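This report concerns only the one structure given below.
A quick note: this is a predicted structure, and the numbers were derived from the prediction, not measured.
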Amino acid sequence: MLLGNELSLTTDPYRSSAFSRCYRHADKGPISYLIGSKVYYDVADLDEWLATQKAATLRGGVARGPRSER
């Protein structure tokens, strides 16, 4: 379980905090819940959401043979 301000989807902690706040408000992000006034995310829910986002936006990665085969 991660506290909302511990959510680190980017290297900039301010951007990740704003990102999670905006996505939570728009109901687009990973499953979250409140305990008191703090937002929490389960790690399994974050992993699932990230895997879904990755699969939906994946590009490139086509394997190529060695240079001599081209």
Side-chain angles (χ1 to χ4, degrees):
M1 172 182 352
L2 293 175
L3 186 59
N5 63 358
E6 294 174 353
L7 180 62
S8 181
L9 297 176
T10 67
T11 56
D12 181 352
Y14 298 103
R15 284 185 52 205
S16 63
S17 189
F19 170 86
S20 60
R21 207 172 28 252
C22 288
Y23 264 52
R24 185 173 192 281
H25 176 75
D27 208 18
K28 292 183 178 181
I31 295 171
S32 60
Y33 52 96
L34 291 173
I35 297 179
S37 62
K38 298 196 185 279
V39 177
Y40 288 88
Y41 298 87
D42 286 334
V43 174
D45 293 332
L46 287 172
D47 290 343
E48 181 182 336
W49 183 78
L50 286 171
T52 302
Q53 297 304 305
K54 180 180 177 181
T57 61
L58 227 114
R59 292 184 178 194
V62 177
R64 296 183 188 176
R67 285 195 169 269
S68 59
E69 293 179 10
R70 291 187 203 166

Looking at Trp49 and Gly29, what are the two nearest heavy atoms and their distance? NE1-C, 3.6 Å
Are Tyr41 and Leu34 joined in one hydrophobic group, where the rule is that I, L, V, M, F, W and Y side chains link up if heavy atoms are under 4.5 Å apart? yes
Side-chain atoms of residues 51-62: list all donor-acceptor pairs with protein atoms under 3.5 Å, sequence neighbours left out, distances to 0.1 Å.
residue, atom, partner, partner atom, Å
Thr52, OG1, Glu48, O, 2.9
Thr57, OG1, Gln53, O, 2.8

To check you understand the geometry: which heavy-atom pair defines the closest contact between Leu46 and Pro30, and what is its length? CD2-CG, 3.4 Å
Determine whether Leu50 and Ile31 fall in the same hydrophobic cluster, where Ile, Leu, Val, Met, Phe, Trp and Tyr are linked whenever their side-chain heavy atoms lie under 4.5 Å apart. no
Shortest non-hydrogen contact between Ser32 and Val39, atoms and distance: CB-CG1, 3.9 Å
